[in-house]
Structure formats: C-alpha cells, structure tokens
Asks: 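After the structure tokens below, expect a handful of questions from me.
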Amino acid sequence: MKKKPTFSITSLLFLSFLIVTLTSSLYGQTIEKAKELSVSEGFINPVGFYDNTPSFSWKLPVSESIKSQTAYRIVVATNKDLLPNSSDLWDSQKQNSEQSTWINYRGVDLESRQKVFWQIKYWDQDGKASEWSDINNFELGLLSNEDWSAKWIGLDTKKEQVMGSQDNIVHRPQYLRKEFKLSNDVVSARLYMTAKGVFDVSINGTNVSGDVMPPGYTPYKKRIETITYNVTNLIASGQNTIGVEVAPGWFSGRMGWMHSLWKDTETPKVICQLEFTLKDGSQVTVISDESWKGTTNGPIRLSEIYDGETYDANLEMPNWTTNQFNDNNWQPVNAFDISGTLRLEPKRQTTVKAKMQLPTREVLKKEGTTIFDLKQNMVGVPLLRVPMKKGETLKVRFAEMLSPNGSFYTKNYRGALSTDYYTASEDGVIEYTPKFTFHGFRYVELSGYDTTKEPSKDWVTGVVQYSDFEENGTFTSSHEKLNQLQSNIVWGLRGNFFDIPTDCPQRDERMGWTGDAQVFGPTSMFNADVYKFWGSWLQSVRESQYENGGIPFVVPDVLYNNKVSSGWGDVCTIIPWKIYLRTGDITILEENYEMMKGWLAHHKSSSKEYVSSMNTFADWLQPYPVVGRNKGDTSQSLIGTAFFAHSAKLTAQTAAVLGKQEEQAEYEALFASVAKAFEREFFDETGKVKGVTETQTSYLMALAFDLLSEDKKDNAKKHLLEKIAEADDHLRTGFLGTPLLSQVLDETGEVNLMYKLLFNETYPSWFYSINQGATTIWERWNSYSKAEGFNPQKMNSLNHYAYGAIGEWMYERIGGVAPLEAGYKKIRIAPKPRNPLTSASASVNTPYGMVSSSWEIVNDEFKLEVIVPPNTEAQVIIPAISQSSLRANGAVFEEDASLKLTNRANDSFELLVAPGTYVFQSKLK
Ligand code: RAM
C-alpha cells in the first residue's frame, strides 16, 4: 500500500508562502509591485485605443511600510518577451520622481494597429525597489482615414418614403451581410467598424459585443468614432459570415427640434474592415463594399430614439448572420468612398453597455392593460418575457410616474412617442429587448399580451444602460433622506450619461445641454470614473465651437442655430478645470486651452466695456419667478458678466499651470477688468445690488466668483443672508445659482445655514421632491406634489441631473473629502458635522487609491476614521474642544513621523497625515 502524503494542500501553500517571504526578506531588495496600471484617461489594456501619445499611471500597493514613491522606471516594448530588459519602444530609465500618474510616453512613434506592452517598477521612500509590475498592454485602432480601404455601404432607405411621427421621413433599419472565405486558420482577427447611425454586428451567428447603440454620438459632420473588436475567436477557417444591423440612431433619426433637418437626413450606412493574420503568416482584409447585400425586410421595422421600436417576429430571418442562409432575394448595397473631411477616429471613451437589471417590484392592473412598477426611475430598455398569441401585437408604453388617479403620466415626454411594439409569430412566451432606442421610465405598461395568463413580475425587467464606466465613490450618512438624495443623484448620473451628458433621457430632447453639464459635472467626478467620458465629450465641444469662439448650448450641435448662452458655453472652462483638479492631469488643460481662449474672445465681443449682453438662459427654472418665467429674475447681463469674469479667471489659472506666464497675466488682467465692471455696473458702494432685481443668485455669483472689492464682500454677504431669510430660509435659485449656494455659504462661515437649506422639507428644497416620492433628481423643484399633482408645464422632466450639483459639497464637506492639490496629491479631510446628522462617510477612488473619511458623534464624542492612500498626504481637520481630548489610534495624540500638528483654531486641530489608516477621537463639549 502506498503511503498517504502527509501534507495537506494548505500546508504546502503555507510552506511556499514562507519560502517566498523568507527569501524576499533575506535578499530583501524588492517590495510589492505597483497595481492598477492604466493609460491616458484611465484605460486598462484597451484594444482599438485612440491615443498614440499616451500617458501612464499606476497605484502603489496599500501596505504598512510603503508610504511614497521616490523614483520610477517604465519600460515599453513591441513584444512582452522583450520586457523588462530589452524594451524596444521606450525605457524611461530610473527617474527620481514622486509622479505615479499621467507620465507621458516619450518613445518611438506609435502607429495604427500597433500592439504595445509595458510595465513599471518604483522605488519607495527608503529607496527600496519594487518588483516589476504585471505587464499591461494596449493596441491602437485605425488612427486616420488613410488606414481605411473599406467603403460606406447601405441601402437607399429614403426612397421608401416611410413617414414617422412629426412628418419626418424615417429610415427603416437595414440588415447587411457578407460571406467570405479564408484559405487558412486564423491567428488573429480584428474588426474595425462604425456607422452613420447605430449598429449591431454578428459573426457566424454570434453577437460580437454587448455594446449599446455604438458608435455613440459625436459631431457627425466632423468626426465619427470607430470601434475595434478582437474577433479572433469568432472566425472559422474556411467560410464565414458577417451580418450587421444599422438603424438611424442620432445620425439620421429625429433629434432636436429642427424639423427641416430631419427631412434632409442622409441614409444610415456602415463601414467595416476585417483584418486577418492567417497561420501561414499572410494578411487578408475583408471590407464593406459593393459585394455586400442588404434588406429592410427584417424584424425591426422601425427604430427611433424618441419614438421607440417596432418589431415583427414574422419577419425574423433565422441564421442570417451564418453561412446557412440564402440571400438571393436581398439587394446589392450602394457603396461610397470615405470623404476626406469627415474624420474616422477610434472611440476615446467606453461604449454604452447594459450595466444592471432592475426587477419589477409591483404589478398593477388597469382596464385591459397592466402596469409594471420598478420603483426606480431609470434609463434603458425593458427585457420582456411575455406570453402572447400568434399575430397579436404587444404595445409597450413607458412613464416616469403615475398621475394621482393611477393613470399613465406621459405628457412630459412631449413629442416623444416612446412606445415599443412587438408582433408575435407564434403562441408562447416571447423574449424581446428593443435594440436601437432607449427610454426613461419607472413604469412599463403592457397591452396586447395573452389575456388568459395572469401577469407576473417576471414579465418585465429593467435593463439599465449607460456609458461603461465604474462607480467610483460612496457617500452615506445617518439620515435616510440625505441617503435618498445621494441615491437620486447617482440615478441621475446613470440616466444621463448615455455616451454624451444629456439634460434628460425621456422626452424629445436628450441633448448635450452644456449648462446642465457644467452644473453637474463636478459631482459626477466624485461618484464615477468619468474622466474618459468628459474628455471625449470635450473633444466634441471643441469641434462644435463656432468660428467666432461661441460654444453652442447643445453639443453635438444638433440645433445648428449658431446661438450661445452665458453660463452654458462656460462649460469649456469649468469642466476642464474641474477635471484637472480631480485628476491632476494637465493634458485636459492643454487640449482645451485654445477653446477657452476662443470662448473668452466671444465673451469680449458680446460685451461693452466688459459688461455682457450675451444671450443666456440665465438662472433657469428659479422658483417663484416674478417677471422672468423660466429664466428667473436675476439680470441676464449680470449673469453674463459674472461668467465672463469666471471663465477669464479659470483661463488664467490654466495658463499658469501650462507655464504661459504672459497669457496668465493677460487673463488675470481681463478678470480684474471684468470684475471691476461687474461691481461698478451692478453693485452700489454698500455692496448691495443696484439697478437690477436683487436675487440670491446675484449675490452668490458676486461672492463665488470673487467679483467684489474687499470692503463690499461682508455687506454683500449680509444682503445674501437677508434674501435667504426673506424666503423663510429657503433657496430661490435655479440651474446656475444652486451649485454656488453651498460654496458661498461654506466659505463665508455659514455652514449651519447651508445645513438648514439642505435639510429643508418644504418647497423649494432637495427633500421636497423626495417627500413627493422622487427616485431621481427633477428638472423643477416642484415637478410634482402629492397635493397639487404634476406641474402643468410640459417641460417637466423627472430625471434631470442639474440640482444634483449639491453632491459635490456632500462629498467635500459632509463626508469631508476634497483635493487640496490637483489630483489629490494632497488631500483635505475636513468634514463639517452638524445637526441633524450623527454620522457620515465618503470614499473616493483617487488617482493614488482609495481615500476615505468616516465620522460619527456619540455623546459629544467625535470619532473620525480616515484612509489616506500611498504617495499622498492629507490635511485632516478635527473638531475638538482641547488638544488633550484629541486621540489618535486609541492613544493621546502625539506628533510622530506620520502625524504632525500644523495648525490649531478655537474649535479644531489641523494635522498633516501620512498615508495609512487612522482613527481620531475628540471631545466636542
Ligand atoms: C431645457 C433643457 C435643459 C436646459 C435648457 C435651457 O430644454 O432641458 O435642461 O439647459 O432648456
């Protein structure tokens, strides 16, 4: 008999662990490797990457001993076997530097299709070298039009003259296919493709990706993004088939309000280029051209973003994307060369994906129809699994809310029909998800199903779709309604980051309104990893800038009306600057600096002696307007002048970071001139608004943008407080004023008042909508009330993120996490605990790793738990009555290598804190 082994697997593992630890500590040079390597705006091992001058970033591991980086080395090669010692593209050599983010590549020029491998090592605060990191890679897409031999192809769908809603020609979705033969096995296969429209692609019967409505929405006249798929595993040796569906999407569907444009849209088309490396080393390319065939007689009859999708299962074409299909009665497609003026460029952000699913929570019956309640307003499509009878048509309607009498509220969809139809080809349970449309909804209403069956919750599931970024921060507190507000903010983000930042996701709008983006952008950066998303959209903003420097108020500029709005166009200075603060990457400033300058020139040309006469939507939707209706009561000229100054200041700051001293001085001087004009024109000697209506927002702008001379500030603040008191301690701000409330009240020492406004339950306030049942942020402070029903205006979105701008302050001052230096190299942890909260916490995944601040008050004792990521330091401000009451990690506070006392005030202590995890305690009374 064989002797049983005496070691268990666990003891073997333990032994090997011991050996590894012992050898590394005996020979002890290396420390733990860097992690989370990424390129440019945070891409991890991208295929079809856009950036051939990338930057590199990594994070240090979290460990007791590793505090900071003193040097790094990056090696880059064409093949991973060349790393680390024979890097043929770039070796940064050892650089003495703390920088672990956004380090520019300075190697050999990179080309389209190139595959690049890289890894890094770093040296810690004691000069100890780390192990080499894992090897990461990226592969470039087709960087220029010259890389394309394929042609745009499609059928002439305009000829069919199918009329859609609002009298416009709609283009039936097309099905396009091509069979091709490969002479050998495939080693690697790439599919480069895009559409004038939106597409879905399959190869040999398998869907290529989970992308939703690719390629997304850019200024199509200038640039369409292309996508690269690694399809090696889908390709067979010998005969293969590729099948593509294309629908109008944003390209030639109904978008915006310019009816005249819809009539004249180009028919949807696709372009694709399949590139193969075969086993014998040969390269083969298959392209979209005249040899493809197409039909519009497929099951998706119509698909429009605003109006919904119509699907007829009788027209399904089994196997049409496989070799087993006869396309004899399909038509040859038209093919068009790519033009030089429209650029094809790799997509520079992640596509939209199905990110989560929501189950139906309650089923409600109503004469002949059934309503499915998901209990959360969301954006995406339903997944329907519904019993049907052959030949019957299921009608699927959507609503964000029900009217008080239980009926469907769809008036606020305005001209968007937002209805899907499905015709069944046989009896039984159908499964269907619309493909080329999306809806904003909480309720789904079905009619036309098999009425012999009892509706059940599993008939409808909500598929939540948004751009494929990760959520990146958390905020929680001891207060249920504040947590609901945080949830509503996050759902506003999920619902309106659909390839572009939209104002709303449900009605006949869904456009990239620049003002809304400017207002909510900063909050989005706490909650999600949206650098790629904003970086990409800002390229569209640059491409949309008018020759006179004006920035359109929607981007992409689908309204083509050459009109601007102050406070909207200023997105071009505000978002780049905020991204720089949150990431520390100066690339975003470099890329957008010229646009900022152009916009300032436009501000200047729209002003006289620095007082603005630029058109503006002003303090949009301010509550209780006296004269201004939607535009509110704050002077439009005051608003334009304030944003002129603010943009000048941000441009000066940008010039400073970019080392352009002369221009910095020029824009600082411009700021000073505009600020002076602002004060002269709109304020009297005592710091009171003169000549125009006095509003909360007029004072907020003056103070937030620093537009008054010192001697007037205190008085201006006093008048602001009077205006707030006059409103019974309630806000009276619209889109532009609201984000400034918290900043100004905090900076002027009125945190108690800000808490009061935030925790107000009555109109207008954030909790008011929550009290009326909101699960997202609403367009209006009073979009709905239990007592009075819906706001009578049709412009009444229940998913409009603008007022979610308060989220930034919730993270920074309630939770307590803010960058003190760009990119969180230095962090400020300074929560402002106040009644009625007894605890709150915020965490953010910064470019250096997770930072977290979590506080609690029990019996006047304050406890703060803090995590400071490696390679940073934090200024931590702890409220306390005395130094003797201050404890750190359980012991009476004493300075040491990680903790320094840097400042003390009457009621707080400021510490400089090294990376690590800490618990601080203090007495408040
Ligand atoms: C509305 C949009 C948007 C706003 C403009 C001025 O139609 O929904 O929120 O920015 O008007």
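All ligand and atom numbering here is 1-based and tracks the order in the structure.
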Asks: Which heavy atom of the protein is the closest neighbour of atom 11 (O) of ligand 1, given with residue, atom name and distance?
Replies: W620 CZ2, 3.5 Å
Asks: Any Lys/Arg nitrogen of E266 or K221 sitting under 4.0 Å from an Asp/Glu carboxylate oxygen of the other?
Replies: no
Asks: Does the distance from a Lys or Arg side-chain N to an Asp or Glu carboxylate O, for E543 and R223, drop under 4.0 Å?
Replies: yes
Asks: In this structure, are over 12 heavy atoms from other groups packed under 6.0 Å from Q793 atom CD?
Replies: yes
Asks: Looking at K532 and E41, is any side-chain nitrogen of the basic one under 4.0 Å from a carboxylate oxygen of the acidic one?
Replies: no
Asks: Is the shortest distance from a heavy atom of R507 to ligand 1 less than 4.0 Å?
Replies: yes
Asks: Please name the residue in the list W620, F617, W537, Y801 that meets the ring pair (Phe, Tyr, Trp, His ring centres under 6.0 Å) test with W513.
Replies: F617
Asks: Here's a test for you: under ring pair (Phe, Tyr, Trp, His ring centres under 6.0 Å), which of Y768, Y763, Y803 qualifies with W781?
Replies: Y803
Asks: Can you sort out which atoms of ligand 1 are near D503, meaning under 4.0 Å from one of its heavy atoms?
Replies: 2 (C), 3 (C), 8 (O), 9 (O)
Asks: Give the residue, atom name and distance (to 0.1 Å) of the protein heavy atom nearest atom 7 (O) of ligand 1.
Replies: E509 OE2, 2.5 Å
Asks: Answer side chain, backbone, both or neither: which part of F735 comes under 4.0 Å from ligand 1, heavy atoms only.
Replies: side chain
Asks: For E779 and ligand 1, answer yes if some heavy atom of the residue is under 4.0 Å from a ligand atom, otherwise no.
Replies: yes
Asks: Please list, in number order, the atoms of ligand 1 under 4.0 Å from a heavy atom of D516.
Replies: 3 (C), 4 (C), 9 (O), 10 (O)
Asks: At a 4.0 Å threshold, what atoms of ligand 1 neighbour a non-hydrogen atom of H800?
Replies: 3 (C), 8 (O), 9 (O)
Asks: Less than 4.0 angstrom from a charged side-chain N to a carboxylate O is my criterion; do R542 and E594 meet it?
Replies: no
Asks: Determine, using heavy atoms of W568 and all atoms of ligand 1, whether some pair is separated by less than 4.0 Å.
Replies: yes
